[in-house]
K.L.:
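One structure coming up, written as C-alpha cells, with questions to follow.
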Amino acid sequence: MDRTPIGSLKEHLNETVTIQGWLQTLRDQKNMQFLIMRDRTGLVQVAHYRPGNPELGDMISTLGSESALTITGKVVENKVVKLGGLEIQLETLTVENAAETPLPFDPFDNDNLPAIDFRMDWRYLDLRREQNLLLFKVQTVLEHAMREYWLENQFIEIHSPKITGSPSESGAELFEVLYFERKAYLAQSPQFYKQMAMAAGFERVFEIGPVFRADPSFTSRHMTEFTGLDMEISWIESHEDVMAFTEKWLQYAYKRVKETYGSEIQAVFGVDIKVPEVPFPRLTMAEAYAILKAQGYKLPPERKGDLDPGGERAIADYVKEKYDSDFLFVIDWPISVRPFYHMRHPDAPELTRSFDLIAGGLEIATGAQREHRYEVLRQQALEKGLGLENIQYYLDFFRYGAPPHGGFGMGLSRVLMVLLGLPNIRESVFLFRGPNRLTP
RNA sequence: GGGGGCGUGGUGUAGUGGUUUAACAUGCGGCCCUGUCAAGGCCGAGACCGCGGGUUCGAAUCCCGUCGCUCCCGCCA
C-alpha cells in the first residue's frame, strides 16, 4: 500500500489515495461527516456522505479524537473548504487504534493546556502538538548543522563511556550504580575522555551524548540527565582560540536553523531567529563585576568571584543594550570557582583561561584551555584537595606528549530553550529527567 | 539542601468566612442541524474544593501538620 503524506495531497488531485494519521476533529452531522485528519506533514478534511453508507457513518460517529486511522478516498478540489481548498471523499476507513474517550487532555486546545507536570505524564500526547513537532525538527537541524561544521573542520566524533569506575572531579554530583560486585558511576561529563583523545593525537574531537548530574536541582533549567555537546581541540594558544571556533560554529548552526525553519518558528513560537554576529562580546569577570557594581546589582557576598544567575541576566541585558548581542563570553574566571584542570594565566595565576557562554541571559556552555603539563596539573589537583589515586589514570594522559588543548561543554536543551524562547527546559527535551521524574 | 507560591469536575480557571443545592470555559455523553470548517443549538453526566487535624454557630475560604507540584537560590549545561 502506498501511503500519501497529507502535505502532498495537492499533487494528487482526482486520484484515489491512502492516508494514515490521527483524527484531530470530527464534525458529525446528520448527512455529512467531516474528519480532520493529521499526520506530521499537515491536515486534511475527509468528507463522508452518511446516506451513502449509513453503517460506516454510525461507526465514524463512535470514533474518539486522536484515533489512529487509515483512510482511502478520492482527492478533490473544493474551493469551499478552508483547509487547503481540497478534501478527500471517503471510500474506506480502517481503525488502527481507537482513542479512548475522553482524552487525558486535548493537545490542540491551547487555551486549556495542562501544567507541564501533567503533560509530562502524557508526554506522547503532548508531543503531538505542532510546537513540539517543530521543536524536534529544529533540534534535528541544529544538531546536524553542528556536526556539519565540525566535519568540515576535520573533527573526529567520539563516544566515551557513560559508566565510570571512580568519582573524578568531586564525586558529589555523581549517580552511583551497582556494577556487578562493586560500585560504578554515571559520567557527569566526557571531559576526561575527550582530553584523552587529545593525548591520543586526534587533535579535534566532538561528542554528542548523555551526561548525568546527581544534583537535586528544582529549577526551570536543570535536568539530571541531558544531552551534552562537547568538543576539544589541540594546538591552541589560549582559550581565545576555543571561543573563536565556538562562535562561528554556533553562528553556522543558527544560520542553518533560520534557513530551514525560520518562518515556521516565527509562526509557531513567535520568535524571529537572529543569526548572531561574530565575534561575540567578551567581558572578563573583573569587567563584569565592575559593570554590575556600577549598575547597583547586589552580588551575594559569599560568592566572591562568581556570577549568580541574576548577575548573568543583568550582564546579558547590559550587553544586549550596548552591543545588541544575545551572546556573551564571560572570561578569565578566578581559580576558586573553576576546576583544577583549567589552565591558569601565566601573568595572573589567580585567574583561569576559561569562559562561560551566556545566551539570552542563560549559561549555555563552559569552556577553557586545559592544563596539559603533568606536574602543573598534579599540583593544581592537590591544591583543590583532590585525592590523586582516583584521578591518576587521568593524570597519566599527560605523561607522554600531550598537546596544548581546550574545549567546551554545552547543553543541547538549553540552546533550544534560548533559541525558541521557551520558559522551561522541560519543554525543550524529549523526556525530562529530574530528581522526582523517572517516568515515562 | 534553603526559601517563596500553588493544590477546586478529565483539563484550564472563578470563588479567599454565611442563599455556594460550588460557577465558567473546554472536553465527554445524548438529541437536533443539506457541507461543516475555532461549526452551531438544546439537554445531561462529571468536584464530598490534595490529605489529616484544629479555630468558628458556620470553612473551598482562617490556623497547624503532611503530601504533591511549581518557581527562586545553591549547583551547573
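Here is the naming used below: chain letters follow the sequence lines, and residue numbers restart at 1 for every chain. Given the structure is predicted, the values throughout are model-derived calculations rather than measurements.
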K.L.:
Using a heavy-atom cut-off of 4.0 Å across all strands, would you classify A47(A) as base, sugar-phosphate, or nothing?
P.N.:
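No contact.
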
K.L.:
If stacking means aromatic ring centre less than 5.5 angstrom from the base's six-membered ring centre, planes under 30°, is F34(A) stacked on U36(B)?
P.N.:
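Yes; centroid distance and tilt both under limits.
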
K.L.:
Base, sugar-phosphate, or nothing: which does E87(A) touch, judged by heavy atoms less than 4.0 Å apart?
P.N.:
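If one applies the 4.0 Å heavy-atom cut-off, E87(A) turns out to touch a base.
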
K.L.:
Out of A77(B), C37(B), G27(B), which has the shortest distance to the side chain of Q45(A)?
P.N.:
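Selected nucleotide (nearest to the side chain): C37(B).
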
K.L.:
Both distances below 3.5 Å, Watson-Crick or wobble geometry, any strand: find the nucleotide opposite C6(B).
P.N.:
G68(B)

K.L.:
Assess R437(A) against F432(A): is NZ or CZ under 6.0 Å from the centre of the six-membered ring, and within 45 degrees of the ring's axis?
P.N.:
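Ring-cation test returns no.
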
K.L.:
Look at D126(A) together with R426(A) and state whether they make a salt bridge at an N to O cut-off of under 4.0 Å.
P.N.:
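Salt bridge flag = no for R426(A) with D126(A).
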
K.L.:
Heavy atoms only, 4.0 Å cut-off, all strands: where does V81(A) land among base, sugar-phosphate and nothing?
P.N.:
base

K.L.:
Looking across every strand, which nucleic acid part, if any, lies under 4.0 Å from P104(A) by heavy atom: base, sugar-phosphate, or nothing?
P.N.:
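Counting heavy atoms under 4.0 Å across all strands, the contact made by P104(A) is with sugar-phosphate only.
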
K.L.:
For L113(A), answer base if it contacts any base atom (sugar-phosphate contacts may also be present), sugar-phosphate if it contacts only those atoms, and nothing otherwise; contact means non-hydrogen atoms under 4.0 Å.
P.N.:
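The answer is sugar-phosphate, as L113(A) gets under 4.0 Å only of primed atoms, P, OP1 or OP2.
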
K.L.:
Looking at the side chain of Q29(A), which of U26(B), U36(B), U70(B) is the nearest nucleotide?
P.N.:
U36(B)

K.L.:
Under 4.0 Å, heavy atoms only, any strand: does F118(A) hit a base, just the sugar-phosphate, or nothing?
P.N.:
sugar-phosphate

K.L.:
Please classify the nucleic acid contact of N436(A) as base, sugar-phosphate, or nothing, using heavy-atom distances under 4.0 Å.
P.N.:
sugar-phosphate

K.L.:
Within the 4.0 Å heavy-atom criterion, would you say R119(A) contacts the bases, only the backbone, or no part of the nucleic acid?
P.N.:
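Nothing, no nucleic acid heavy atom in range.
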
K.L.:
Just to be sure I understand the rule, does G228(A) reach a base, reach only the sugar-phosphate, or reach nothing, if contact means heavy atoms closer than 4.0 Å?
P.N.:
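No contact.
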
K.L.:
Please confirm whether the backbone N or O of T72(A) pairs with a side-chain atom of E91(A), one donor and one acceptor, at under 3.5 Å?
P.N.:
no

K.L.:
Base, sugar-phosphate alone, or nothing: which one does D230(A) contact when heavy atoms must sit under 4.0 Å apart?
P.N.:
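It contacts nothing in the nucleic acid.
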
K.L.:
Mind checking whether W249(A) and F408(A) have ring centres under 6.0 Å apart?
P.N.:
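Ring centroids of W249(A) and F408(A) are less than 6.0 Å from each other.
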
K.L.:
Output the single nucleotide from G12(B), U70(B), A77(B) whose closest atom is nearest the side chain of F226(A).
P.N.:
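Among the listed nucleotides, the one closest to the side chain of F226(A) is A77(B).
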
K.L.:
Of all the nucleotides listed (C72(B), C76(B), C28(B)), which has the minimum atom distance to the side chain of P102(A)?
P.N.:
C28(B)

